[in-house]
Amino acid sequence: MFFQQLLNGITLGAAYALIALGYTMVYGIITLINFAHGEIFMVGAFVGLALTYIVKANIFISLLGAMLACMVLGIVVERVAYRPLRRSSRLSALISAIGVSIFLATLVQLIRGPQTTNYPAGIIANTVYNFASIQVSKLQLVMIVVSALLMLGLQLIVKYTKIGKAMRATAQDYDAASLMGININRVISFTFALGSALAAAGGVLVGIYFNAVGPFMGLSAGLKAFAAAVLGGIGSIPGAMLGGILLGLAEISAIAAGKSSYTDAIAFSILFLVLLIKPTGLLGRPIQKKV
Amino acid sequence: MRSLDLIFNDYNLRILISIGIYIIMALGLNLITGVTGQLSLGHAAFMSIGAYASALVSMQTGLPFGLALLSGALAAGIFGIILGFPTLRLSGDYLAVATLGFGEIVRVVLVNMEITGGALGLSPIPTKTNVWLTWILVMVVVLAMYRIENSRFGRALLAIREDEIAAEAMGIHTTRYKIMAFAIGAICAGLGGALYAHFITYINPIDFGFMKSIEILNMVVLGGMGSIPGTVLGAVVLTVAPETLRFVDQYRMLFYGAMLVMMMIFRPNGLLGGVNFTRLVLKTFKLDRVRGKAAVAHRVRGE
């Protein structure tokens with residue numbers, strides 16, 4: 001029973017971690033909470049849904065399609081709403097981000113209607129594998145494997161490619177990096193593209209897992225993922241993964257304890273406690289006040 | 001008299017009350033976000049605390065309306081301070097997220113508590129709010145805000161907005177000032193919520209979600225952050241606009257979102273942000289010279 005819940009928690013947590021990575025990367029580079037990230041996750045879920053219905057695509061093709069579409073969307077959002085504000089106050093940028101998130105949620109609602117829709121049944125076969133006393137459904141297996149592969153890919157990009165090196169340099173010191181000849185705008189666009197692609201993958205997986213996709217799913221999922229990012233230490237990529245998994249476990253244990261109506265409050269209480277006790281999160285670097 | 005009846009019909013009076021309630025709440029948020037520069041995304045939570053507290057006082061104890069209003073405002077104020085102590089040590093984005101989390105926690109608790117009627121909400125709350133009372137309270141709040149803005153306290157808040165570290169270095173106890181700003185803002189929101197509860201007569205946790213906080217924030221942002229006339233203008237425009245634009249109701253939020261982005265890009269201080277009204281009036285009527293002379297006279301006399 002315990003291991004079963006542990007597995008459920010990790011499955012959900014892996015999806016949260018995928019979304020949390022986008023927050024963490026953007027925050028690490030331009031110290032902006034990308035409020036629209038939750039909505040990009042929602043759009044990803046819808047694009048994946050549309051692909052599975054319209055082209056009867058294979059789930060992995062839908063996943064790729066959603067990731068590509070959201071990459072473009074992420075770059076566009078950054079261009080339109082964040083780039084003009086790069087030199088203004090952080091309050092302005094944050095309000096602009098909130099504006100984008102409302103805009104996207106309403107736009108999808110106008111196109112699709114406010115009701116939630118389902119992924120077609122049997123998109124992932126209902127097979128259940130038994131390992132000792134633990135039951136693993138094929139869906140859970142897909143979620144964990146896809147998330148793990150994506151995170152591994154991200155680590156490889158950030159650690160071993162040239163643009164990954166540029167990202168790390170920019171995160172360390174924005175101005176110095178630009179003086180060293182790094183094209184900051186390109187790095188930021190790339191970061192948004194990467195983060196949005198991961199969010200889209202998360203959107204498709206969570207959409208199938210809960211079997212409900214709606215225009216307002218972005219808000220609460222986005223906030224939870226943000227809580228996960230803060231829990232792990234915002235700006236830290238391993239932190240986002242750890243935070244996501246911990247949050248997933250916390251939520252599943254709440255459901256197991258029969259308090260499922262409180263799951264949202266649990267995510268925010270954790271967020272609150274972390275902010276109070278260790279504002280930089282579990283794996284975060286200390287914030288330095290500049291005078 | 002007939003023409004007066006046409007203007008002051010039931011529908012218009014209701015809009016007038018709505019405007020008043022939103023002005024009170026938006027001025028509270030303006031003090032927190034516009035004047036002190038602390039982005040709060042949980043203003044609707046304070047509104048809900050005020051609404052529920054006053055409604056419960058009215059419905060359970062039958063105390064007079066004045067006391068219900070007062071308890072709503074006080075309850076919200078107390079929560080403002082409770083939230084203030086720990087979270088105001090955070091700054092900027094972290095504070096925004098913490099207030100947002102606070103708002104969601106309050107909503108979940110209201111849905112799950114029995115005394116608040118859960119997801120069904122509370123009704124019927126006695127109808128007590130009227131135009132006179134609302135607008136007298138609006139006047140009181142506007143005057144209070146002006147007094148605050150032009151006091152030592154208000155200037156300390158502005159200093160915190162401009163540069164928190166510098167303000168601290170100048171000896172301003174930033175945490176205490178921020179908590180006080182939060183408490184006053186929360187009291188305004190609670191007062192507005194109490195009026196709202198006794199006006200709509202039915203309250204429900206869904207009414208006080210994240211979007212309501214954003215609506216109030218929009219009023220402050222559109223009108224002008226830190227500007228009292230601006231905030232009043234923002235509250236009036238954004239309360240009246242949805243009424244006149246009923247036929248495009250579903251596009252309203254689309255417009256809201258786009259507006260937030262465009263305002264931040266083209267006019268980050270809002271329509272009237274940074275406009276000093278006293279100076280504007282003096283300038284328009286060419287009174288500034290007179291005042292200038294008076295000031296010179298004062299200086300000469302060594303005052």
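Chain naming here is simple, since letters A, B, ... match the order of the sequence lines and numbering starts at 1 in each. Treat the numbers as computed from the prediction; the structure is a model and nothing was measured.
Shown here is A/Arg112, whose CZ atom has no more than 12 heavy atoms of other residues, nucleotides or ligands within 6.0 Å. For A/Arg79, the CZ atom sits in a loose shell: 12 or fewer heavy atoms of surrounding residues, nucleotides or ligands are nearer than 6.0 Å. No more than 12 heavy atoms of other residues, nucleotides or ligands shown are found within 6.0 angstrom of CZ on B/Phe79. Counting non-hydrogen atoms of other residues, nucleotides and ligands closer than 6.0 Å to CE of B/Met262 gives a total of 12 or fewer. For CZ of A/Arg83, the number of neighbouring non-hydrogen atoms (other residues, nucleotides, ligands) closer than 6.0 Å is greater than 12.
Distance check: B/Leu39 CG to A/Ile33 CD1 gives 9.0 Å after rounding to the nearest 0.5 Å. Expressed to the nearest 0.5 Å, how far OG of A/Ser101 lies from CG of B/Leu260 amounts to 9.0 Å. Rounding to the nearest 0.5 Å places OG of A/Ser269 at 11.5 Å from CZ of B/Phe102. Separation of atoms CD1 (A/Ile95) and CG (B/Leu41) is listed at 8.5 Å; rounding is to 0.5 Å.
Among residues 220-230 of chain A, the residues having any heavy atom closer than 4.5 Å to a heavy atom of chain B are, in sequence order, A/Leu223, A/Phe226, A/Val230.
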request  = Evaluate the side-chain contact (heavy atoms from CB on, under 4.5 Å) criterion for residues A/Phe35 and B/Leu100: first the C-alpha distance (whole Å), next the side-chain angles of each, then the deciding distance (0.1 Å), finally the verdict.
outcome  = CA-CA 12 Å; A/Phe35 239 96; B/Leu100 204 167; 3.2 Å; yes

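The candidate from B/Asn112, B/Asn218, B/Ile265, B/Val221 with the greatest count of non-hydrogen atom pairs under 4.5 Å with chain A is B/Asn112.
When heavy atoms are compared at a cutoff of 4.5 Å, A/Leu110 approaches chain B solely by way of its side chain, counted from C-beta outward. Of the atoms belonging to A/Leu104, not a single heavy atom falls under 4.5 Å from chain B.
B/Ala96 and A/Leu94 make their closest contact through CB-CD2, 3.8 Å (heavy atoms, listed as atom of the first residue, atom of the second, distance). Taking every heavy atom of both residues into account, A/Ile102 and B/Met211 meet most closely at CG1-CE, 4.0 Å.
Proximity of A/Ser92 to B/Pro268: side-chain heavy atoms (C-beta onward) are separated by under 4.5 Å at one or more points.
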